[in-house]
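Below is one structure, written out as structure tokens, with a few remarks after it.
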Amino acid sequence: MPLSVHVVTAEREVYAEEGVDAVIAPGIQGELTVLPQHAPLLTMIKPGVLRLIKGSDETDVAITGGFLEVKDDRVTILADAAERAEEIDTVRAEEARRRAERTLEGRGDTEELVAAAASLQRSLLRLRAVEKRRRRTPRGPSGPPGV
Ligand code: ATP
């Protein structure tokens, strides 16, 4: 019996699929793989790229942390913010990265620096999710122009 997977934020449902073969999540203690018949689990996940594998399809979701629950082959991921790779605005993520890097190079107070470090981490993981997808689907919509 494959998995039923829901990725939700306070704002929206980001991913909802039945028949998922594997969930690979950025667990706080390292990569966490959930396969069918996994024991019940409730754990925190850290900012990173969540991989959802269904047959030969892989969906990458940039996730800025949250919780993952497994119960009876249902996996629920409650995230602070989450975007499927194809939804990510690369220009926005690049701008966020540059803004955060500029702040980190400056002489901001601790609070500003901590916020900038978190923002840098979010922007980098978004760019990583886009890059992973681009490598997998070089002829897709985000592939080279004219293809
Ligand atoms: P920014 O500085 O660009 O606002 P952020 O890291 O502060 O980025 P978040 O607070 O993590 O943004 O997210 C706010 C909302 O914007 C969430 O709904 C999130 O899914 C969305 N979001 C953030 N960055 C992007 C992006 N590059 N592409 C698409 N959606 C994004």
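None of these values were measured; they are calculated from a predicted model. Values below: every heavy atom of this structure, side chains too, minus hydrogens, waters and symmetry copies. First listed ligand is number 1; within each ligand, the first listed atom is number 1. Count residues from 1 along the sequence.
- The backbone N or O of E17 sits nowhere less than 3.5 Å from a side-chain atom of K54 that would complete a donor-acceptor pair.
- Using a 4.0 Å cut-off between charged side-chain N and carboxylate O, R97 and E101 make a salt bridge.
- With respect to the salt-bridge test (charged N to carboxylate O, under 4.0 angstrom), the residues K132 and D60 qualify.
- Nearest protein heavy-atom neighbour of atom 20 (O) of ligand 1: E83 OE2, 2.5 Å.
- Remark: E87 engages R12 in a salt bridge, criterion side-chain N to carboxylate O under 4.0 Å.
- The CD1 atom of I45 sits 9.5 Å away from atom CZ of F67, with the distance rounded to the nearest 0.5 Å.
- Counting protein heavy atoms only, atom 6 (O) of ligand 1 is closest to R122 NE, 2.5 Å.
- Atoms CD and CD1, on E131 and I88 in that order, are 11.5 Å from each other to the nearest 0.5 Å.
- Residue, atom and distance of the protein heavy atom nearest to atom 17 (C) of ligand 1 are A81 CB, 4.1 Å.
- Scanning the protein heavy atoms around atom 28 (N) of ligand 1, the nearest turns out to be D89 N, 2.8 Å.
- Set against the non-hydrogen atoms of E11, the atoms of ligand 1 under 4.0 Å away are 18 (O).
- The N/O atoms of R99, backbone and side chain alike, include one that comes under 3.5 Å of an N/O atom in ligand 1.
- For atom 11 (O) of ligand 1, the closest heavy atom belonging to the protein is R126 NH2, 2.9 Å.
- At least one donor-acceptor pair under 3.5 Å links the side chain of T64 to the backbone N or O of A81.
- Of the polar atoms of T64, none of the N or O atoms is found under 3.5 Å from an N or O of ligand 1, judged by distance alone.
- Each of the atoms 29 (C) of ligand 1 lies under 4.0 Å from some heavy atom of E87.
- Atom 16 (O) of ligand 1 has as its closest protein heavy atom R92 NH2, 3.0 Å.
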